[in-house]
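Take a look at the structure below.
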Amino acid sequence: MKKLIVANWKMNPTSASQARLLFTATFAAARKLKNTKAIVCPPFVFASLLRASRSARLAIGAQDVFFESAGGYTGEISPGMLASLGVSYVIVGHSERRRMGETNEVVSKKIKAARAHHLTPIVCIGELERDDEGNYLAFVRRQIVESLATVPRKDAAALVIGYEPVWAVGEKAVRADTPEDFLEISIFIRKTLADLYSKNIAEKIPVLYGGSVSEKNARDFLEQGKAGGLLVGRASLDAKKFSEILFNADQTVQ
Ligand code: PGA
């Protein structure tokens with residue numbers, strides 16, 4: 001299975017011309033990929049600008065989606081609109097959206113709507129803090145069970161899971177997780193998926209790591225952590241760093 005390296009640009013860069021420049025550099029790096037697929041998730045307004053240069057090694061994703069198809073929902077973007085622009089992936093339930101009030105129930109509706117338009121949901125989960133008693137495992141399990149409540153067995157193999165411990169994400173991150181701890185929790189995530197669906201289906205679902213991924217630690221998460229790919233925030237805004245992450249991922253032997 002190809003490793004998926006997701007560039008989550010968040011609310012960056014600050015202009016269309018800068019978005020084009022960043023995309024051009026990312027596209028150039030992605031052209032050399034053999035075992036890896038880059039998924040660039042720009043802000044909605046830039047998605048149509050980047051569409052023309054889409055290739056098999058690079059897909060466009062969105063950072064969110066609404067669960068209705070059309071109508072009086074001021075400010076929202078439907079899955080059909082994204083699909084019509086050539087967007088093929090969508091991040092759902094990112095911790096920065098959950099922090100703004102998005103619940104597991106809303107996440108599950110978004111996943112269902114995305115699937116109906118053949119968008120691949122990248123479902124984000126992850127605990128706020130890691131305690132020594134292991135309560136975070138129950139929290140992560142509940143997020144998975146509730147967020148995937150709308151996904152029947154026949155659709156489950158088309159999911160992507162992004163494990164992003166909230167304490168490791170963004171400017172305020174304490175540190176990245178360790179590849180060893182990621183490996184442990186990814187086994188737990190797969191076990192939860194196997195309980196929900198089947199062992200066979202659980203093995204087909206890529207589990208990505210996200211949270212302070214850099215050109216320095218990317219390879220360790222893929223090799224020692226056996227991650228199915230990575231979600232990259234800050235480092236995806238620096239074309240040089242992101243190119244290095246793509247290059248390292250492509251060299252990785254799992
Ligand atoms: P970060 O963000 O790489 O800046 O920690 C990751 C993410 O939010 O997906």
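One-based numbering, in listed order, for ligands and for the atoms of each.
- Under the salt bridge (charged side-chain N to carboxylate O under 4.0 Å, His left out) criterion, the residue pairs touching residues 144-161 are Arg142-Glu146, with sequence neighbours excluded.
- Every atom of ligand 1 is numbered from 1 in the order shown, and the set under 4.0 Å from a heavy atom of Lys10 is 2 (O), 6 (C), 7 (C), 8 (O).
- Put simply, the side chain of Tyr209 gets close to the backbone of Gly211: a donor and an acceptor are under 3.5 Å apart.
- The existence of a salt bridge linking Lys110 and Asp64 is confirmed by a sub-4.0 Å separation between a basic side-chain nitrogen and an acidic carboxylate oxygen.
- Checked by distance only, ligand 1 and Val169 stay at 3.5 Å or farther apart across all their nitrogen or oxygen atoms.
- Residue contact check: Arg234 has heavy atoms under 4.0 Å from atoms 1 (P), 3 (O), 4 (O), 5 (O) of ligand 1.
- Only the side chain of His94 comes within 4.0 Å of ligand 1, counting heavy atoms alone; its backbone N, CA, C and O stay farther away.
- Distances shorter than 4.0 angstrom occur between a heavy atom of Ala168 and an atom of ligand 1.
- The closest approach between Ser212 and ligand 1 falls below 4.0 Å for a heavy atom of the residue.
- Of the possible donor and acceptor atoms, none in the side chain of Asp220 sits under 3.5 Å from a partner among the backbone N and O of Asn217.
- Grouped with Ile187 in one hydrophobic cluster are Leu183, the linkage being side-chain heavy-atom contacts under 4.5 Å among Ile, Leu, Val, Met, Phe, Trp and Tyr residues.
- Using a 4.0 angstrom heavy-atom cutoff, Gly211 counts as in contact with ligand 1.
- With 3.5 Å as the limit, one finds a donor-acceptor pair spanning the side chains of Arg234 and Ser212.
- Contact analysis leaves Ala173 out of contact with ligand 1, as no non-hydrogen atom separation drops below 4.0 angstrom.
- Of the polar atoms of Gly210, none of the N or O atoms is found under 3.5 Å from an N or O of ligand 1, judged by distance alone.
- Listed by number with element, the atoms of ligand 1 under 4.0 angstrom from any heavy atom of Gly233 are 1 (P), 2 (O), 3 (O), 4 (O), 6 (C).
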